[in-house]
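Remember, it's a predicted structure, so these values are computed and weren't measured experimentally. We name chains A, B, ... by the order of the sequence lines, and we start the count at 1 in each one.
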Number of protein chains: 2
Amino acid sequence: MADLSELRRPTIKEVAEAAGVSRSTASRALAGNGYVAGQVRERVREAARDLGYVVDATARSLKQQSSRLIGVLVSDLTNAFYADLASGAARECRARGYTMMLIDDSGSPDDELEAAEAFVALRVAGVVGTPVSAGLADFLARQRTPVVEVDRQFAEGVVDAVVVDNREATRVTTEHLLALGHRRIALFIDETEWTTGRDRLAGYSDAIAAAGIELDSALVFPTGWDVDAAREAAHTLLSSANRPTAIFAANNVLAEGAWRAAAHLGLQVPRDLSLVSFDDAPWMSMVTPGLTSISQDAGELGAQAIATLLERIADASLPPRTVILSAAITMRGSTSAPLN
Amino acid sequence: MADLSELRRPTIKEVAEAAGVSRSTASRALAGNGYVAGQVRERVREAARDLGYVVDATARSLKQQSSRLIGVLVSDLTNAFYADLASGAARECRARGYTMMLIDDSGSPDDELEAAEAFVALRVAGVVGTPVSAGLADFLARQRTPVVEVDRQFAEGVVDAVVVDNREATRVTTEHLLALGHRRIALFIDETEWTTGRDRLAGYSDAIAAAGIELDSALVFPTGWDVDAAREAAHTLLSSANRPTAIFAANNVLAEGAWRAAAHLGLQVPRDLSLVSFDDAPWMSMVTPGLTSISQDAGELGAQAIATLLERIADASLPPRTVILSAAITMRGSTSAPLN
DNA sequence: CTACTATGTGGGAACGATGTCATAGCGGTG
DNA sequence: CACCGCTATGACATCGTTCCCACATAGTAG
C-alpha cells in the first residue's frame, strides 16, 4: 500500500532504502539495465510498488539529456482532418513507446513559434507539425530538434515531410468532372501559397489544360478560412449570372460552406450543381446525395509522420526525404452531367 | 545569430558568460524575479537571444518541483465531442499560461492508467480526463496529483468534476417527443453504468413516468460502442414488427448508426421515425432534415474543467465540487407526430 | 555616526535519476 | 598460483536550473 501520510512523493532513494540496497542498484533494478541479482530486482520492484513510486521524468530527462516525448502541432483540433491526424500520430507514438504532447496553434504563426519553443524547452525527441509558416522548421532546425512537416511543406528538401499527392488526386478528380461534360468548374480554394493549395491548383490546371480549355481565372475562387466565409463566398459565386456547373472544394471546410450555400439557394446536387471535395469528412457520407470526395487517410498521415520522425531521430545523417501518400477518390452521388 | 557550429544547446551558464554576469543574475534577468539592474537585464536577454537559448524545462521542473504542464486524457480524438473538448481545454490552458499534454486512451482502462502514470512521471500540475474507470481518480489521488473528471464521474464527491445536466436535458427532450404523441420511444444507449448513461436513462424514465406510461424495458435498447454496431442494432430494432415511432440516441455515434439504418431501410425521418440525439455533431445540421439534438458545448466543458483544475491547484483545501453545465436543445426537423 | 533599508550581485547547495568507475567475490584456465 | 572473465554492488559526479544566503554599496532616518 502507498503510504498516504507521506506528503512528498517517494524518490528512488526511499525505494532503495526500503529494499536495503543502494540508489544505483535500485535504478538498475527498475530500468532493467546492467547486473542485478534476480532476487534483489524483485525486492526493489516490490518496494517501488508498495511505496507507489513513479519515476521523475524531469530528473531522468535532465540526466539523460533526452526524453521519450514527441511534440505534435496541429492547426485546429475541431477540424476532423487534424483530429484524425493527431489520433493516428498518437497511436503510432504509443506503439513505439513514446508519449505524445499535442498543441493546437489555431493556425497562428505566433502561436506556432511559441509551441515550438515549449517543445524545445521540454527537450522533446522530435516534432511533427502541420506548419503555417517557415518559422517552425527554421526554429527547430536551429535548435537541432528533428522535425517532420506533415500535410504541407514550408521547408521542402530541407526537412522531412509526409504529404499526399495533391496534384495527382486533384487532376484525376477534375478530369472526372470534365468527362461528365462540365466546362465551367470552379476551384474553391482558401490559399494557393502553401504546397497544398499550390499543388491542388496545379492539378486543376493540368486537367483543364489537357482538356484544351483555357483557364478562366475568375473560376479560381478565393474563399475565407472558415465555414461561414466559405458559405458567403459560395453564395456570391452561385448567385452570379454565369455560375459554374461544378465546384471543386479544396478542403472539407470549404465543401461544407459550398454545400450549405447550395442548400440555401435551393440548388439541387447534382442536378443543378456538381460538387466534389478534397478531404473526406464524416458528414459527406451522411447527406443525400453523398459527396464524391478525395479521402486522405489523415490518421495514416499522422502515423507515417511519426514513423519518419523516429527514423530521423535514429539516424540524423539521412538525407531529407518527402513521403508522398496517395489519396483515394470515393465516388458518391454528388456529380452528374451538367444540365445545359 | 545562433551559433550553428555549437553542437550542444547553450545553457544559462553560457548566456551568463556572454553577458558577463553570474548564473544567478542571468536566471533572475530571464525569469524576472528578484533584483536585476535594467541595463544588466537587457544585456542578458540579448545574449540569450543571440545564442538561441531556450530554458531547459526538465531542469527547471526538477528544481522547482512543479511544472506548468497539464495532462488531458480523452477517450477518442476522432470523435468530435472529445476533439472539441480537448480543443476547449487547450484554449484555456494557453490563456492561463500552461502547456497542455494530450493523451488518447482509446477508451481502455489499461491505457488510461498508463497515461496517468506518464502524467505523474512528468510531474504535471494536474490532470483533466474523461474517465473510463475509477482507476484514474484513484491513482492520481494517491499520487497527490489534482484531477478533474469531465463529462462523466467515477469518483463523485471525491474529486472535482465538470458535467452536463444529462438527466434534465434528456427529460425535457423526451417530453418533447411525448408531447408530439409518441408512446413507443426507444432509448438507444451504449451503457447505463457510467454517470452519463445512468442519468440519461433516469431522465428518460422521469419523462415516461410523468406521462403515466409504463416503462417498457425492451425499448431501452443496448447498442455497441461504435457506429457499425449501432447501425446493426438499429437495423434489428427498426425491422421488428412492433418498432418504435421514435428513437432517442444517447450520443452522436449511436445517432449516426440509427440514421444510417433508417436510411438503409428506406424509413423517412420524421414521417416514419422521429429521431433525436444527445450530443450535437456537425453532420446533424448538414443532413435533411436536420437532427433535433441536445448540444453540449464540449469546448466549454473542457475549458471549465481546466478552470476548475486550476482553482484546485491554487487551493487544495477546497471541498470537492461538481460543476454542472446545462445543455441546450437545438430543434431541427427530425421530429413530428407519429403516423399511427 | 550608526543603524537600517533598498538595490544589486555571486557562490553554492539542492532537485532526482543515471551511469561510470572502482571494488570484490567466485569459478575456471594456463 | 596468477590471471582472467563474469557477476554483482555501491560511491560519487553529473545533468541545468533555481533560489537561499552572504555580501556589497548607496542612500536615508534617527
Notebook entry, point to check: Between dT18(D) and Asn33(B), is there an OP1 or OP2 to side-chain N/O distance shorter than 4.0 Å?
Noted result: no

Checklist line | Ser22(B) side chain near dG11(C) phosphate (N/O to OP1/OP2, under 4.0 Å) | finding: no

Notebook entry, point to check: Nearest heavy-atom pair of Ala29(B) and Arg45(B): which atoms, and what distance?
Noted result: O-NH2, 3.0 Å

Check: Taking atom P of dC15(C) as reference, at what distance in whole Å does atom CZ of Arg8(A) sit?
Finding: 8 Å

Next item on the list: Kindly say if Gln64(A) contacts the phosphate of dG19(C), meaning a side-chain N or O under 4.0 Å from OP1 or OP2.
Entry: yes

Note to self: Below 30° counts as parallel, above 60° as perpendicular, anything between as tilted: where do the rings of Trp194(A) and Trp225(A) land?
What the structure shows: tilted

Margin query: What is the separation between atom CG on Leu122(B) and atom P on dG16(C), rounded to the nearest whole Å?
Written below: 16 Å

Checklist line | Presence of Tyr35(B) side-chain N/O under 4.0 Å of dG8(C) phosphate oxygens OP1/OP2 | finding: no

Next item on the list: State whether the distance check finds a donor on one side and an acceptor on the other, under 3.5 Å, for side chain Lys63(B) versus base dT17(D).
Entry: no

Check: Which of these nucleotides, dG16(D), dG10(D), dT18(C), is closest to any side-chain atom of Val21(A)?
Finding: dG10(D)

Check: Just how far, in rounded Å, is C1' of dC19(D) from CG of Leu30(B)?
Finding: 15 Å

Margin query: What is the separation between atom CD on Glu14(A) and atom P on dG16(C), rounded to the nearest whole Å?
Written below: 8 Å

Notebook entry, point to check: So, does the side chain of Arg23(B) form a donor-acceptor pair with the base of dT18(D) at under 3.5 Å?
Noted result: yes

Next item on the list: Nearest whole angstrom, please: distance from the C1' of dT18(C) to the NZ of Lys13(A).
Entry: 16 Å

Next item on the list: Report the residue (Gly34(B) or Ala59(B)) whose heavy-atom-nearest nucleotide on DNA chain C is the more 5′ of the two.
Entry: Gly34(B)

Item checked: Ion pair check, Glu311(B) and Arg321(B), cut-off under 4.0 Å -> yes

Check: Does Tyr53(B) put a side-chain nitrogen or oxygen below 4.0 Å from OP1 or OP2 of dT17(D)?
Finding: yes

Next item on the list: Check the distance between dT7(C)'s C1' and Gln39(B)'s CD and give it to me in whole angstrom.
Entry: 15 Å

Notebook entry, point to check: Of the nucleotides dG16(D), dA8(D), dT9(C), which has the atom closest to the Arg28(B) side chain?
Noted result: dT9(C)

Next item on the list: Calculate the interatomic distance between Leu62(A) atom CG and dT14(D) atom C1'; express it in whole Å.
Entry: 9 Å

Item checked: Minimal non-hydrogen separation, Pro320(B) against Asp160(B), with atom names -> CA-OD1, 3.4 Å

Notebook entry, point to check: Counting only distance, no hydrogens or angles, is the base of dG19(C) paired donor-acceptor with the side chain of Ser24(A) under 3.5 Å?
Noted result: yes

Next item on the list: Give a yes/no on whether any side-chain N or O of Gln65(B) is located under 4.0 angstrom from OP1 or OP2 of dG16(C).
Entry: yes

Note to self: Is there a salt bridge (Lys or Arg N to Asp or Glu O under 4.0 Å) between Arg94(B) and Asp111(A)? Walk through the geometry before answering.
What the structure shows: CA-CA 10 Å; Arg94(B) 308 208 58 212; Asp111(A) 289 6; 2.7 Å; yes

Next item on the list: Check whether the side chains of Gln153(A) and Thr322(A) place a donor and an acceptor atom closer than 3.5 Å, and report yes or no.
Entry: yes

Next item on the list: Verify the contact: side-chain N or O of Thr11(A) to OP1 or OP2 of dG16(C), cut-off strictly under 4.0 Å; return yes or no.
Entry: no

Next item on the list: Nearest whole angstrom, please: distance from the C1' of dC15(D) to the CD1 of Ile12(B).
Entry: 14 Å

Checklist line | Among dT9(C), dT17(D), dA17(C), the nucleotide that comes nearest once only the side chain of Arg60(B) is considered | finding: dT17(D)

Notebook entry, point to check: Choosing from dT18(D), dG10(C), dG16(C), which nucleotide comes nearest the side chain of Asp56(A)?
Noted result: dG16(C)

